[in-house]
Amino acid sequence: MRLKINKIHLTAIGFYIELPLNSLKQSKKILIYSGGLIINIILHIFIIKFNILESFKNINLFILIINLLPIQPLDGFNIYYTLLSRFYEDEFLIDVFLLIGTLVIVLLMIFFVIFKFPIFLFLSLVFTFNTLKLYKNKNNR
């Protein structure tokens, strides 16, 4: 399977590649979206097996967990959206993901207030931007 890369987006939390996925089966889309997660899992196993820095293991695990969140443009969002789009209308799914995104943002802000880790504030700001972008796109349809 060869896909032409439309665009590579560099974001505050990484990057994502825009591919023409419309013609692909759902299973292939999910496999593509799972690529980053699979790499994180392999890297985590490698870190544990060779007893590499404990902090690196924790950072990798944190990235894996964050990447599973159902917030656009994270892999979790794309996987859940692809799976659920088989059963639900796009508009309903977008509303659900907007609600979940808002709840995650509020939780991250609460974590920031409690634990004083700047990463929680940073992620809540980045996710706020992406959630607002999803909301704007929904209203422009």
Taking atom NZ of Lys138 as the centre, does the number of heavy atoms from other residues, nucleotides or ligands within less than 6.0 Å exceed 12? yes

Minimal non-hydrogen separation, Pro70 against Ile100, with atom names: CG-CG2, 3.3 Å

In chain order, what residues pass the ring pair (Phe, Tyr, Trp, His ring centres under 6.0 Å) check against His44, with sequence neighbours excluded? none

Say you draw a straight line from CG of Leu43 to CG of Asn60; how long is it, rounded to the nearest 0.5 Å? 4.5 Å

How long is the straight-line distance from CG of Leu93 back to OG1 of Thr82, given to the nearest 0.5 Å? 10.0 Å

Inspect the surroundings of OH in Tyr135 and state if more than 12 heavy atoms from other residues, nucleotides or ligands are less than 6.0 Å away. no

Nearest-0.5 Å distance, CD of residue Glu89 to CD1 of residue Ile94: 11.0 Å

Once you measure the plane-to-plane angle for Phe117 and Phe115, does it fall in the parallel (<30°), tilted (30-60°) or perpendicular (>60°) bin? parallel

Side chains of Leu84 and Val96: closer than 4.5 Å at any heavy-atom pair? no

Note, Tyr81 side chain near Asp90 side chain (heavy atom, < 4.5 Å): yes

With a 3.5 Å distance limit and no angle check, can you tell me whether Asn67 reaches the backbone of Asp75 through a side-chain donor-acceptor pair? yes

ILVMFWY network linking Tyr80 to Leu103, side-chain heavy atoms under 4.5 angstrom: no

Give a yes or no on whether Ile17 and Leu37 share a hydrophobic cluster (residues Ile, Leu, Val, Met, Phe, Trp, Tyr; joining criterion: side-chain heavy atoms under 4.5 Å apart). yes

Separation between OG of Ser27 and CD1 of Ile32, rounded to the nearest 0.5 Å: 9.5 Å

Is any side-chain heavy atom of Leu21 closer than 4.5 Å to one of Tyr33? yes

Would you check if Phe127 and Leu74 make a side-chain contact, meaning some heavy-atom pair closer than 4.5 Å? yes

Paired with Leu19, the side chain to side chain contact (heavy atoms under 4.5 Å, CB included) test is passed by just one of Ile5, Asn6, Leu24, namely Ile5

Consider only side-chain heavy atoms of I, L, V, M, F, W and Y, link residues closer than 4.5 Å, and tell whether Phe122 and Leu64 are in one cluster. yes

Do the non-hydrogen side-chain atoms of Asn130 and Phe77 ever get within less than 4.5 Å of each other? no

Same cluster for Leu134 and Tyr88 if Ile/Leu/Val/Met/Phe/Trp/Tyr side chains link at under 4.5 Å? yes

Under 3.5 Å, is there a donor-acceptor pair between the side chain of Thr131 and the main chain of Thr128? no

Which of Asn58, Ile66, Ile59, Ile65 passes side chain to side chain contact (heavy atoms under 4.5 Å, CB included) with Phe62? Answer is Ile66

State plainly whether one hydrophobic cluster holds both Val106 and Phe120, where clusters connect Ile, Leu, Val, Met, Phe, Trp and Tyr through side-chain heavy atoms under 4.5 angstrom apart. yes

